[in-house]
Engineer: 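The structure is given below, and queries will be raised subsequently.
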Amino acid sequence: QVRVVESGGGLVQPGGSLRLSCAASGNIFSINVMGWYRQAPGKLRELVATITGDGLRNYADSVKGRFTVSRDGARNTVTLQMNSLNPEDTAVYYCNAALRTGMTYWGKGTLVTVSS
C-alpha cells in the first residue's frame with residue numbers, strides 16, 4: 001500500500017511562485033509513475049505533470065515552461081515548482097502515485113489560489 005500527502009499550497013499573487021511537495025510512504029518501491037493533477041472550480045480534473053521511474057517528464061501545454069516536476073533518488077518525494085502563476089492556475093492540486101500493477105493512490109489535495 002502507498003500513502004501520498006501533498007503540502008505547499010496557499011495564496012500567491014499573479015506572477016508569483018509556489019513549490020508543492022508530495023511525500024509518499026509505504027511500498028514506495030512499487031511506484032512506477034508519480035504525477036500532479038488539478039481541479040479548478042467548474043472544471044474537470046486534469047493532468048498537470050508526471051514523472052516516470054526513468055525520469056521522463058510530461059507536462060500539460062498550459063503549464064509547460066512554467067512548472068517543473070522533480071523527484072528524489074528514493075522516489076518518495078515529488079515536487080512541483082510553479083512559476084509565473086496566473087489566476088487560471090487556481091485549483092486544488094492532487095498528487096497521484098501509480099504502481100507497476102496499474103493501481104493508483106491519491107492524496108487529499110492542496111489548494112492553490114492565485115489572486116491579487
Engineer: Distance from Thr90 atom OG1 to Leu111 atom CG, nearest 0.5 Å?
Structural biologist: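 Going from OG1 on Thr90 over to CG on Leu111, the span is 8.0 Å.
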
Engineer: Tell me whether the count of non-hydrogen atoms from other residues, nucleotides or ligands lying under 6.0 Å of CZ in Arg3 goes above 12.
Structural biologist: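 12 or below, so no.
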
Engineer: So, does Arg100 use its side chain to make a donor-acceptor pair with the main chain of Phe29 at under 3.5 Å?
Structural biologist: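 Checking the backbone N and O of Phe29 against the side chain of Arg100, a donor-acceptor pair under 3.5 Å is found.
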
Engineer: Does Arg19 reach the main-chain N or O of Gly9 with its side chain, forming a donor-acceptor pair under 3.5 Å?
Structural biologist: no

Engineer: Donor-acceptor pair, Thr50 side chain versus Gly35 backbone, under 3.5 Å?
Structural biologist: no

Engineer: Once rounded to the nearest 0.5 Å, what's the spacing between atom CD1 of Ile51 and atom CG of Leu56?
Structural biologist: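 Ile51 atom CD1 to Leu56 atom CG measures 8.5 Å (nearest 0.5 Å).
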
Engineer: Measuring from atom CD of Gln1 to atom OG of Ser30, what distance do you get when rounded to the nearest 0.5 angstrom?
Structural biologist: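 Taking CD in Gln1 and OG in Ser30, the distance rounds to 10.0 Å.
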
Engineer: For a 4.5 angstrom cut-off between non-hydrogen side-chain atoms, does Ser84 reach Asn86?
Structural biologist: no

Engineer: With rounding to the nearest 0.5 angstrom, report the CE to CG distance, Met34 to Leu80.
Structural biologist: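 One finds 11.5 Å between CE of Met34 and CG of Leu80.
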
Engineer: Taking all atoms of both residues into account, what is the closest heavy-atom pair of Val2 and Ala97, and its distance?
Structural biologist: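 Looking at all heavy atoms of both residues, the closest pair is CG1-CB, 4.3 Å.
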
Engineer: Walk me through whether Cys22 and Arg71 qualify under side-chain contact (heavy atoms from CB on, under 4.5 Å).
Structural biologist: CA-CA 9 Å; Cys22 175; Arg71 61 168 171 80; over 6 Å; no

Engineer: Using a 4.5 Å cut-off on heavy atoms from C-beta on, say whether the side chain of Leu85 contacts that of Leu18.
Structural biologist: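 Yes, side chains in contact.
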
Engineer: Is the closest side-chain heavy-atom distance between Leu20 and Val112 below 4.5 Å?
Structural biologist: yes

Engineer: May I ask you to test the Glu88-Ser62 pair for a side-chain heavy-atom distance under 4.5 Å?
Structural biologist: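 Not in contact.
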
Engineer: Does the gap between the ring centers of Trp36 and Phe67 come in under 6.0 Å?
Structural biologist: no

Engineer: Is there a side-chain contact between Ser115 and Gln13, using heavy atoms and a 4.5 Å cut-off?
Structural biologist: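 Not touching, per the 4.5 Å side-chain cut-off.
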
Engineer: Say you draw a straight line from CG of Asn96 to CD1 of Ile31; how long is it, rounded to the nearest 0.5 Å?
Structural biologist: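 Between Asn96 CG and Ile31 CD1, I get 9.5 Å after rounding to 0.5 Å.
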
Engineer: Please confirm whether the backbone N or O of Gln81 pairs with a side-chain atom of Arg66, one donor and one acceptor, at under 3.5 Å?
Structural biologist: no

Engineer: Indicate yes or no: at least one non-hydrogen side-chain atom of Asp89 is less than 4.5 angstrom from one of Arg38.
Structural biologist: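 Of all side-chain heavy-atom pairs linking Arg38 with Asp89, at least one is under 4.5 Å.
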
Engineer: Spell out, as yes or no, whether a donor-acceptor pair under 3.5 Å connects the side chain of Tyr59 to the backbone of Val69.
Structural biologist: yes

Engineer: Give a yes/no verdict on a cation-pi contact between Arg45 and Tyr94, requiring under 6.0 Å between NZ or CZ and the six-membered ring centre and an angle within 45° of the axis.
Structural biologist: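 Flagged: Arg45 positioned over aromatic ring of Tyr94.
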
Engineer: Side chains of Ser7 and Thr110: closer than 4.5 Å at any heavy-atom pair?
Structural biologist: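 SC-SC contact between Ser7 and Thr110 ruled out.
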
Engineer: Closest heavy-atom contact between Val92 and Gly109?
Structural biologist: CG1-CA, 3.9 Å

Engineer: Do Val48 and Val33 sit in the same hydrophobic cluster, where Ile, Leu, Val, Met, Phe, Trp and Tyr count as joined when their side-chain heavy atoms come under 4.5 Å apart?
Structural biologist: no

Engineer: Any side-chain heavy atom of Asn58 within less than 4.5 Å of one from Leu47?
Structural biologist: yes

Engineer: Does Glu6 form a salt bridge (Lys or Arg N to Asp or Glu O under 4.0 Å) with Lys108? I'd like the steps, not just the answer.
Structural biologist: CA-CA 7 Å; Glu6 308 96 334; Lys108 295 181 178 180; over 6 Å; no

Engineer: What are the two closest heavy atoms between Pro14 and Ser116, and how far apart are they?
Structural biologist: CD-N, 3.6 Å

Engineer: Does a side chain donor of either Tyr93 or Gln39 reach within less than 3.5 Å of an acceptor in the other side chain?
Structural biologist: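 On atom types as modelled, these side chains do not qualify, holding no pair under 3.5 Å.
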
Engineer: Which value, rounded to the nearest 0.5 Å, describes the distance between Ile28 atom CD1 and Leu99 atom CG?
Structural biologist: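 Ile28 atom CD1 to Leu99 atom CG measures 11.5 Å (nearest 0.5 Å).
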
